[in-house]
There are 2 protein chains.
Amino acid sequence: MKYSKKDRQKLLLETLDKNPFVTDENLASTFHVSVQTIRLDRMELSIPELRERIKSVAAHNFGEDVKSLPIDEVIGEIIDIDLDKQAISILDITHDHVFARNGIARGHHLFAQANSLAVAVINDDLALTRKSNLTFVKPVKVGDRVIAKAVVTSSDVEKNSTLIEVTSKVENETVFVGQFSMYRVTMS
Amino acid sequence: MKYSKKDRQKLLLETLDKNPFVTDENLASTFHVSVQTIRLDRMELSIPELRERIKSVAAHNFGEDVKSLPIDEVIGEIIDIDLDKQAISILDITHDHVFARNGIARGHHLFAQANSLAVAVINDDLALTRKSNLTFVKPVKVGDRVIAKAVVTSSDVEKNSTLIEVTSKVENETVFVGQFSMYRVTMS
DNA sequence: ACCATTTTAGCACTTGGTACTAATATCAGT
DNA sequence: ACTGATATTAGTACCAAGTGCTAAAATGGT
């Protein structure tokens, strides 16, 4: 059962969208036409050849800027800090921070901002996160400016332990809350 | 200035790791050897040809079973996944992941690996982290290979809620544990 | 039946290789 | 300096999956 040219080309597009790894020969046999016809179809639809299709899939995966977390010591920009008391940082959410699918910021960026702020507020040589308790109150989107405020709630010098509460807001609405139990040591 | 065979092969590996889209001809000219030498090197190192390299990059991006999260958005490499049941990923800790000061991995990378694995394991269109509870059991250092295992512990379809426990280990020693309460929705 | 569109065929040429053979270069040890 | 071993280069035939081109054949609509 042969399709009309139009139908075939439509199906061709769908097929290649689902699976770009198909040769012309392959397509020809599935559509019961000659390889040349497939080539003409690709011309008309300006679909590149197999190798180029694969390359572009690969390049998309590869070439896109690495979305790993930045190397800088603090995620977000610290705009106010009072060591061992409180600190505030700002993080502007860009498309790099969100799921492509729905534009919602990925949790680890909010965590990273909060956690690195918690580390920064501690006035010691070594500060490590021991435990934490997070609540993602409301989804954060592209363009949002997240303002995180870290407050030191208690400090037990004996146990080298400090509790910090970080609250992140967008336009004065709380989007994230985290309690961090930090381990701290002064080296000297 | 020519390199010794050993050095060249080492560099070759690094080069192709950074950029797999390079032809033998290209490599030959950058290393100032003949194309045949490059081919021999690839043989010895069992590096596949350009097209295969590209294909594998593309296939990784495409064919995989990750639904909620495009593969390139997962922090760490997923090596096993059984949707709605469990998943495993590997993250090699490099100097990019640690505090320059002490070589200890920054918490948000462990969180990112665990959290994105939790998102990936969910067989739905949308998966967001609602709450989480983290314990950083033991410091992780440069060179460590962190193996995170996410296990779905419960699922409440009414509440669109799923609980996931992620345990991360280095050489079979637990370094991190996280409980994630995820919000999930199927769109259709 | 006629013309346009569509489809098929065939050939030369291209990339980026594999597989294989054979000739040189280079170095190490005696 | 000579001998082997190792490393490098050269060259050939071949392959996959194409492009580009020309030309013939089939099909459809009126």
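Each chain gets a letter, A, B and so on, in the order the sequences are listed, and its residues count up from 1.
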Arg39(B): salt bridge (Lys or Arg N to Asp or Glu O under 4.0 Å) partners, not counting sequence neighbours: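 Counting only residues at least two positions away or on another chain, Arg39(B) forms a salt bridge (Lys or Arg N to Asp or Glu O under 4.0 Å) with Asp24(B).
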
Partner set under salt bridge (Lys or Arg N to Asp or Glu O under 4.0 Å) for Glu25(B), not counting sequence neighbours: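 Expected list: none.
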
If I take atom [atom1] in residue [X] and atom [atom2] in nucleotide [N], what distance separates them, rounded to the nearest angstrom?
X	N	atom1	atom2	answer
Leu16(A)	dA17(D)	CG	P	14 Å
Glu49(B)	dA16(D)	CD	P	12 Å
Glu52(A)	dT19(D)	CD	P	9 Å
Ile47(A)	dA17(D)	CD1	P	17 Å
Arg39(A)	dG18(D)	CZ	C1'	6 Å

For [X], give me all partners under side chain to side chain contact (heavy atoms under 4.5 Å, CB included), at least two apart in sequence or on another chain.
X	answer
Gln9(A)	Lys5(A), Asp41(A), Glu44(A), Leu45(A)
Ile93(B)	Leu91(B), His97(B), Val98(B), Ala105(B), Val140(B), Asp144(B), Val146(B)
Glu52(A)	Pro48(A), Glu49(A), Lys55(A)

Sugar-phosphate, base or nothing in reach of Arg53(A), heavy atoms under 4.0 Å: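 The residue Arg53(A) makes no contact with any strand.
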
With sequence neighbours left out, write down each residue that passes side-chain hydrogen bond (donor to acceptor under 3.5 Å, both in side chains) with [X], or none if nothing qualifies.
X	value
Ser89(B)	Gln113(B)
Asp92(B)	Arg145(B)
Ser181(A)	none
Arg130(B)	Ser161(B)

Please list, for nucleotides 25-30 of chain D, all pairs of protein and nucleotide N/O atoms separated by less than 3.5 Å.
none

Opening and closing nucleotides of DNA chain C in contact with chain B, under 4.0 Å to non-hydrogen atoms: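 From 5' to 3', the first and last contacting nucleotides are dT15(C) to dT18(C).
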
Student check: side-chain heavy atoms of Ile164(A) and Leu117(A) closer than 4.5 Å: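 No, their side chains stay 4.5 Å or more apart.
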
hbond_proxy Arg51(B) side chain to dA16(D) base (donor-acceptor, 3.5 Å cutoff):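 No such pair is found, so the answer is no.
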
Enumerate all atom pairs, one protein N or O and one N or O from nucleotides 4-9 of chain D, separated by less than 3.5 Å.
{"residue": "dA7(D)", "atom": "OP2", "partner": "Lys5(B)", "partner atom": "NZ", "Å": "3.3"}
{"residue": "dT8(D)", "atom": "OP1", "partner": "Arg8(B)", "partner atom": "NH2", "Å": "2.4"}
{"residue": "dT8(D)", "atom": "OP2", "partner": "Arg8(B)", "partner atom": "NH2", "Å": "2.9"}
{"residue": "dT9(D)", "atom": "OP1", "partner": "Lys2(B)", "partner atom": "NZ", "Å": "3.3"}
{"residue": "dT9(D)", "atom": "OP2", "partner": "Ser34(B)", "partner atom": "N", "Å": "2.8"}
{"residue": "dT9(D)", "atom": "OP2", "partner": "Ser34(B)", "partner atom": "OG", "Å": "3.1"}
{"residue": "dT9(D)", "atom": "OP2", "partner": "Thr37(B)", "partner atom": "OG1", "Å": "2.4"}
{"residue": "dT9(D)", "atom": "O5'", "partner": "Ser34(B)", "partner atom": "OG", "Å": "3.4"}

Spatial distance of atom CG (Asn115(B)) from atom CG (Leu128(B)) [nearest 0.5 Å]: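 The CG atom of Asn115(B) sits 10.0 Å away from the CG atom of Leu128(B).
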
